[in-house]
Amino acid sequence: MRWSQLFVPTLRDAPNDAVAPSHQLLVRGGFMRQLHAGHYSMLPMGWRVHQKVAGIVREEIEALGGQEFLLPTMHPASIWQESGRWDTMGEIMFRLNDRKGAELALGITHEEIFATVASELSSYKQLPQVWYHIQTKFRDEARPKSGLLRVREFHMKDSYSFDVDDAGLDVAFDNHDRAYRRIFERIGVPAFGVEASSGAMGGNDSVEFMTPSDAGEDDVVRCPSCDYSANIEKATSTLPPIDDGSATELEQFDTPGVRTIAALEAFDGGAAADRQLKTLVMMLDGTITLVVVRGDHQLNTQKLADATGAIEIRPAEVDETFGALNAHPGSLGAVNVADHPIIMDSSLEGRVNMTTGANIDDKHYRGVSVERDITVGQWADLREVGAGEACPNCGTAMIIVRCIEIGHIFKLGTKYAETFGVKVSTPDDGEVPVVMGSYGIGIGRNMAAAVEANHDENGIIWPVSIAPFEAVVTIMRLDDETLAAGQTIYDDLKAAGVDVLIDDRDARAGVKFADAELIGIPFRITLGPRGLKEGKAELTGRHSGETEEVGLETVAAVVAERVAAAKR
RNA sequence: CGGGAUGUGGCGCAGGUUGGUAGCGCACCUGCUUUGGGAGCAGGGGGUCGUGAGUUCAAAUCUCACCAUCCCGACCA
């Protein structure tokens with residue numbers, strides 16, 4: 001490819017509204033342009049990278065036996081109504097009507113559709129199956145952001161496994177776990193797996209793959225000394241024991257003007273935060289619910305969602321709270337509350353001599369024994385782990401790392417199989433629902449993650465495996481002799497299977513060097529009159545930043561070998 | 001959805017308070033000179049100033065409404 005004819009609109013300045021490095025560099029490098037929020041046009045350079053990432057994903061999924069499909073992205077409402085997700089998915093799903101008025105949805109994922117196809121499976125002898133496609137997903141995100149990291153329209157490889165039993169699912173799950181780790185390794189994205197909430201997927205076990213980045217949106221709790229790591233939506237920690245003394249009588253006392261945990265700590269006759277109960281009044285799908293955590297703990301709403309299955313969760317308004325408890329925030333508590341559900345954080349089990357609001361403004365209780373004085377409807381892990389808390393496995397102080405979620409694998413069980421009638425006969429002439437798993441990896445997000453992990457002040461440093469071009473032959477002077485020499489090297493590289501670009505633009509050296517570095521081509525072969533006289537080319541590595549002189553006749557072979565080595 | 005900010009050629013910005021011919025840098029076109037790290041000089045092309053209404057003789061500028069985009073949070077596979 002001749003650079004002079006290639007559409008690569010590089011920019012000297014990043015657009016003002018791009019903040020994340022990958023966003024800035026992918027726009028500056030002419031890889032993509034924004035159409036509107038969350039929708040990007042892939043330009044030729046961007047699409048080349050995208051295709052290479054997708055190709056690596058395809059190879060690894062094929063290697064574990066995956067069969068490639070292509071399912072529609074526009075779906076009838078009925079299929080989503082059958083699974084119940086027409087309602088539970090809420091606003092994330094784009095919905096539209098056709099000319100007949102029929103309701104349609106744009107696919108956010110494809111469990112339902114693959115399950116429909118899978119209903120033609122009939123015998124255990126056909127299993128296991130792993131099916132996948134690489135297809136556009138549409139999600140009406142509340143806040144698209146950071147370039148390709150969070151968009152409303154993107155390509156995802158999603159695969160689905162079908163097994164006769166849980167043991168089979170475990171195999172498919174482990175195969176995907178290994179394949180995903182190989183994918184991240186090959187595309188140059190440092191990754192690790194974490195325990196995760198399954199959220200709206202409805203599965204019972206899932207692993208998220210994370211790469212550390214300030215541009216990410218997830219917090220991961222990690223132990224520096226053992227291998228514990230979990231999404232903060234799922235993470236736990238070991239709390240130091242607290243001596244409550246022995247249980248005493250429940251006693252109401254006046255606390256004029258005390259509205260906060262901190263104020264009650266400072267109040268004469270109050271209590272330390274870890275001896276207080278924090279009562280949060282939440283609306284769970286329209287039901288007033290009391291959620292109780294320790295005074296110095298924070299509620300994690302995803303944990304609450306996972307524990308209750310609630311879809312819509314929000315704090316109750318002050319008037320709703322007053323209507324339910326006859327008191328205002330600052331004096332709320334769960335003691336003697338009988339007519340509202342109460343969910344209690346597990347860490348409060350067995351606690352006595354606690355202090356909490358009395359549901360009378362300016363009054364609190366002390367001497368609260370949790371089990372004795374509160375009608376707990378449900379115990380659940382609700383608190384959010386903080387940095388420095390002890391690892392549940394080994395007790396080491398843990399850290400919190402900001403991460404990008406780059407893949408997620410789920411054990412789904414038989415939920416979709418039962419809904420869509422995916423059943424197979426068994427050797428003993430029985431019939432069982434098929435056990436499913438689903439496995440997702442966003443192509444564009446991984447492309448952006450690769451940039452986040454591989455760039456410097458001059459631009460992107462693509463791993464050879466996904467670089468838009470593996471090498472560029474930079475012609476320093478557009479005379480016949482230099483062009484001919486460049487063309488020969490270009491042809492040799494082409495013949496050796498290298499993705500090579502020849503920079504034949506009538507531009508100054510600085511422009512060519514800067515562009516090649518910005519768009520991150522791994523190897524640059526520079527041909528100028530100086531070296532040409534001595535029969536030499538210069539070979540510069542984008543990654544190493546180092547330049548060496550190589551003979552004109554051997555440089556193509558040297559580069560071809562290095563490219564091949566990098567891809568091994 | 002709450003908070004904050006911004007919309008002026010492809011990109012980055014000034015102009016706005018005090019209404020009066022729409023400007024600068026980069027990019028683009030032509031010519032000359034230059035040519036190993038984003039060249040110089042000269043000439044040139046390109047803009048519904050986010051949209052709509054209003055005030056005014058006159059609106060990029062003032063008023064109102066709306067839209068869009070970005071950031072933080074909420075939310076989110």
Side-chain angles (χ1 to χ4, degrees), chain A residues 7-20 23-24 27-30 33-39 43 85 88-93 107-111 137 139-147 149-152 154 156 158 196-203 206-210 215 217-218 231 233-234 299-302 304-306 310-315 405-412 438-442 445 458-459 474-479 482 503 505-518 524 526-532 537-538 540 545 547:
Chain A
F7 184 65
V8 200
T10 55
L11 302 173
R12 194 178 290 213
D13 304 305
N16 182 36
D17 51 15
V19 174
H23 185 188
Q24 293 185 344
V27 174
R28 276 190 62 205
R33 288 293 183 264
Q34 182 179 47
L35 177 62
H36 64 139
H39 301 264
L43 276 35
R85 295 209 286 183
T88 59
M89 279 301 175
E91 295 188 309
I92 198 78
M93 188 181 258
I108 53 179
T109 177
H110 281 78
E111 280 77 12
K137 307 293 188 230
R139 295 182 188 179
D140 192 358
E141 298 288 350
R143 183 150 98 85
K145 57 174 288 203
S146 304
L149 287 175
R150 181 161 219 86
V151 288
R152 304 204 301 175
F154 60 99
M156 182 163 92
D158 40 326
S197 159
S198 297
M201 297 300 297
S206 83
V207 170
E208 280 175 338
F209 292 94
M210 294 288 187
E217 303 180 83
D218 284 274
N231 193 303
E233 296 173 348
K234 179 98 173 187
L299 170 70
N300 181 290
T301 49
Q302 185 61 46
L304 181 61
D306 288 346
I311 295 155
E312 194 196 324
I313 295 181
R314 63 171 175 85
E405 180 192 340
I406 48 175
H408 202 162
I409 58 179
F410 300 86
K411 292 185 181 176
L412 294 175
S438 86
Y439 316 88
I441 181 168
R445 182 181 283 186
N458 294 322
T474 302
I475 308 295
M476 296 304 296
R477 187 174 294 189
L478 297 179
D479 55 40
T482 317
D503 191 351
R505 292 176 300 169
D506 182 14
R508 302 178 73 81
V511 173
K512 294 188 175 198
F513 294 158
D515 275 347
E517 282 155 12
L518 173 63
R524 187 182 82 217
T526 309
L527 281 183
R530 267 190 343 221
L532 214 53
E538 285 161 35
T540 306
T547 297

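Order of the sequence lines sets the chain letters (A, B, ...), proteins ahead of strands, with each chain counted from 1. Because the structure is predicted, anything quoted here is derived from the model rather than measured.
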Please table the atom pairs, donor to acceptor, closer than 3.5 Å between any side-chain atom in residues 507-515 of chain A and protein atoms at least two apart or in another chain.
residue	atom	partner	partner atom	Å
Lys512(A)	NZ	Ile475(A)	O	2.7
Lys512(A)	NZ	Asp503(A)	O	3.1
Lys512(A)	NZ	Arg505(A)	O	2.7
Asp515(A)	OD1	Thr10(A)	OG1	3.1
Asp515(A)	OD2	Arg505(A)	NH1	2.8
Asp515(A)	OD2	Arg505(A)	NH2	3.3

Exercise. Within the structure shown, what part of the strands sits under 4.0 Å from Glu405(A) by heavy-atom distance: base, sugar-phosphate, or nothing?
Worked result: sugar-phosphate
Problem set entry | Touch class at under 4.0 angstrom, heavy-atom based, for Met93(A) against every strand present | nothing
In whole Å, measure the gap between the [atom1] atoms of [N] and [M] for me.
N      : M      : atom1 : result
G25(B) : C62(B) : C1'   : 30 Å
G50(B) : U61(B) : P     : 8 Å
G3(B)  : G19(B) : P     : 32 Å
A14(B) : U6(B)  : P     : 10 Å
A68(B) : C49(B) : C1'   : 15 Å
G9(B)  : G2(B)  : P     : 29 Å
G15(B) : G23(B) : C1'   : 7 Å
G47(B) : A22(B) : C1'   : 8 Å

[atom1] of [X] versus [atom2] of [N]: gap in Å, rounded?
X         : N      : atom1 : atom2 : value
Asp218(A) : C75(B) : CG    : P     : 12 Å
Asp13(A)  : A14(B) : CG    : C1'   : 15 Å
Glu141(A) : C75(B) : CD    : C1'   : 9 Å

Problem set entry | Asp479(A) side chain to Thr482(A) backbone, donor-acceptor under 3.5 Å | yes
Problem set entry | Side-chain donor/acceptor of Arg445(A) to backbone N/O of Val151(A), under 3.5 Å | no
Exercise. Along nucleotides 67-74 of chain B, 5' to 3', which nucleotides get a B, which get an S, and which get a -, given that the test is a protein heavy-atom distance under 4.0 Å?
Worked result: --SSBBBB
Exercise. Going 5' to 3' along nucleotides 29-52 of chain B, which nucleotides have protein heavy atoms under 4.0 Å from the base (write B), which only from the sugar-phosphate (write S), and which from neither (write -)?
Worked result: -----B-BBBB-------------
Residues that [X] engages under side chain to side chain contact (heavy atoms under 4.5 Å, CB included), provided they are two or more places apart:
X         : answer
Arg12(A)  : none
Asn16(A)  : none
Arg314(A) : Met283(A), Glu312(A), Glu317(A), Glu320(A)
Asp158(A) : His110(A), His133(A), Lys137(A), Met156(A), Tyr160(A)

For this session: For Asn300(A), check side chain to side chain donor-acceptor pair (under 3.5 Å) against everything at least two apart and list the hits.
Result: Glu384(A)
Problem set entry | Residues that Phe209(A) engages under ring pair (Phe, Tyr, Trp, His ring centres under 6.0 Å), provided they are two or more places apart | Tyr180(A), Phe184(A)
